[in-house]
Amino acid sequence: MTDLFNQPKEDPVHILSVSELTGELKMMIEDHFDWINVRGEVSQPKTSRNGHLYFTLKDDTAQLPCVMWRSKRQSQDYLPEHGDEIVAAGPLQVYAPHGRYQMIVQSLRPAGLGALQQAFEQLKKKLQDEGLFDENRKKPIPRFPEVIGIVTSATGAAFQDMKNTLEKRYPLCEIRLFHASVQGSQAAPEISDAIRFFSGQDDIELLIIGRGGGSLEDLWAFNEEIVARAIAECRIPVISAVGHETDFSISDFVADARAATPTQAIIMAVPDQNDLKMKIEDLQMTLEMRVKQLLEKHKETVSRFLDNYALHKVRQRIARNKEQLEWKKQQAGQLLRIQIRNRHEEIRRLSDAVQNSVSTLLLQKKSRWNELHQKVLAADPNKPLKKGYTRIRQQGAWIRSSHNFRSDAGFEIEWSDKTTPIDRAKK
Amino acid sequence: MTKSEKKERFDFEQALERLSEVLKELESDDVPLDKAIALYEEGMKLSKLCSGKLEEAELRIEQVANNQKKQHE
């Protein structure tokens, strides 16, 4: 790049054309002033046939030509009038054909508190008329989010407060931070970019945008239209937590819920684990009670059922079965009795047979004895004497034959009643 | 069979056996008178013993039969 400020006064070799000079200036100016905030008084604002807004910003000693393209002008809630004190934001541009520079205004707002309030009211009315604040547009806040996206400054106290509160209250939830400036000219575009980024993430269930307290000017980024529209278009529920208790910002109206402070936003976003534990205990007790009640109810139902017709039928069937069983038992008993009777008969027959055989044996023995007894009686040596016969004894011996009788010796004649001695010597 | 039953049976059978022997001796021709009388007395005694045993047996059989009848009734 040619150093324009260190050229020799007369260098016939290096002479710049107007275009070259303008090109060099364009590069230098546009690179250096890519985004600026300029305060001044609006002069001669005009809207061209194409819808672009042209005006001059001036103060006591200087003036700056400005243009706001139609696309930006249409989305602008506040349009300045001649003499309005405003703050314009955007890059500087060198317009070579006219050899002049101008500011391409991306956003503008009235300067000063009264003016800010006026701009706020204008935008609020515009968005309200569009229906961006309607209750039926608002998405419900999830009860137990697992991942929360946070749009705030990474260095601010607000993020640290949110983080600490979450750890104490509901450590199951994860937070993802998208750092964005929360004041200054870059704040609104950064915040809206962050919202759009999170809206495209599948796992983010809830979004918190916010910052700690400050003046209306400090909090102005949350009153910008681009932020409001990013919130309105966001796929996931948004909690706006701009740290002022009493005043509302535009983001509060568009968001699905509003929290007075970032800490309050976390309290709104997640349940308290201690409350949950107590609630779970209560639920367990209620459940136990309910189950017991249900059991009792079912017991009653069963009791009632026991008396119903179907069961009566079952009882009848059981009774029939019992009767059949009883009959079979009786049959079995009869059969058993018959068998026992048969056995008795058999035993009786056997015992009779035994008795008969014993009687027969006894008769045989008796008969044998009788036979012997009769023979003994018949063999009685004194039997002939009883019949009137006599017996002769000689020398103590019974003389049965005449051969044994000695006629020269004495003898005895034996009768049944007495014995008579016969002495041979007497003869 | 119990010991006493065995003894009774043995005594009865033995008595009958002895009675047979006594008869044989009595019926022989050369038996002396005194011995014949003694044998006769022994025979009568044995016969009485056998008769008693038979009566006892009859009684026992009758008792058993009566018991059996009572059980069946």
Side-chain angles (χ1 to χ4, degrees), chain A residues 337 340-386 389-401 403-404 411-416 419, chain B residues 1-2 5-6 8-73:
Chain A
R337 277 196 288 278
I340 288 167
R341 213 167 25 249
N342 290 346
R343 290 281 182 274
H344 274 307
E345 290 297 327
E346 210 175 317
I347 289 162
R348 205 173 278 124
R349 274 201 309 277
L350 286 169
S351 80
D352 286 351
V354 167
Q355 216 168 320
N356 289 343
S357 65
V358 168
S359 299
T360 306
L361 183 70
L362 199 62
L363 279 171
Q364 284 172 355
K365 297 287 179 192
K366 219 172 186 179
S367 169
R368 174 86 178 111
W369 163 77
N370 201 39
E371 186 191 329
L372 291 173
H373 181 65
Q374 292 308 320
K375 280 183 179 177
V376 168
L377 287 174
D380 181 0
N382 295 330
K383 198 176 181 184
L385 300 181
K386 287 168 189 165
Y389 295 100
T390 58
R391 196 165 37 213
I392 294 172
R393 281 175 183 267
Q394 196 169 47
Q395 292 170 333
W398 179 13
I399 305 299
R400 294 188 189 190
S401 167
H403 303 298
N404 299 330
F411 62 92
E412 290 169 346
I413 297 169
E414 194 178 347
W415 280 274
S416 63
T419 302
Chain B
M1 191 184 285
T2 65
E5 282 174 333
K6 209 170 185 182
E8 281 168 14
R9 188 179 161 195
F10 174 75
D11 288 351
F12 179 78
E13 300 297 340
Q14 207 176 24
L16 273 183
E17 196 66 41
R18 178 70 190 132
L19 195 55
S20 295
E21 284 171 19
V22 164
L23 275 167
K24 268 183 197 168
E25 282 186 62
L26 271 172
E27 284 166 353
S28 71
D29 294 336
D30 56 350
V31 66
L33 181 62
D34 292 340
K35 193 178 181 186
I37 289 165
L39 283 167
Y40 172 70
E41 282 172 355
E42 189 189 344
M44 286 306 284
K45 209 182 277 180
L46 285 166
S47 180
K48 194 180 177 185
L49 177 74
C50 285
S51 174
K53 288 290 174 201
L54 286 167
E55 276 175 27
E56 198 182 313
E58 269 181 333
L59 189 68
R60 278 174 71 185
I61 287 163
E62 208 174 309
Q63 279 175 342
V64 169
N66 287 341
N67 285 347
Q68 197 86 341
K69 269 181 195 168
K70 276 179 192 169
Q71 275 180 344
H72 285 306
E73 284 163 13

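Residue numbering restarts at 1 for every chain, and letters A, B, ... go by the order of the sequence lines.
- Between A:Leu372 and B:Ser47, every side-chain heavy-atom pair lies at or beyond the 4.5 Å cut-off.
- A:Thr360 is linked by a side chain to side chain contact (heavy atoms under 4.5 Å, CB included) to A:Gln364, counting only residues two or more places apart in sequence or in another chain.
- There is no contact between A:Asn370 and chain B, counting heavy-atom distances below 4.5 Å.
- Every residue meeting the side chain to side chain contact (heavy atoms under 4.5 Å, CB included) condition with A:Glu371, not counting sequence neighbours, appears here in chain and number order: A:Arg368, A:Lys375.
- A salt bridge is absent between B:Lys24 and B:Glu21; no separation between the charged side-chain nitrogens and carboxylate oxygens falls under 4.0 Å.
- Of the two parts of B:Leu23, only the side chain, counted from C-beta on, holds a non-hydrogen atom closer than 4.5 Å to a non-hydrogen atom of chain A.
- Proximity to chain B involves both the backbone and the side chain of A:Ala379, based on heavy atoms less than 4.5 angstrom apart.
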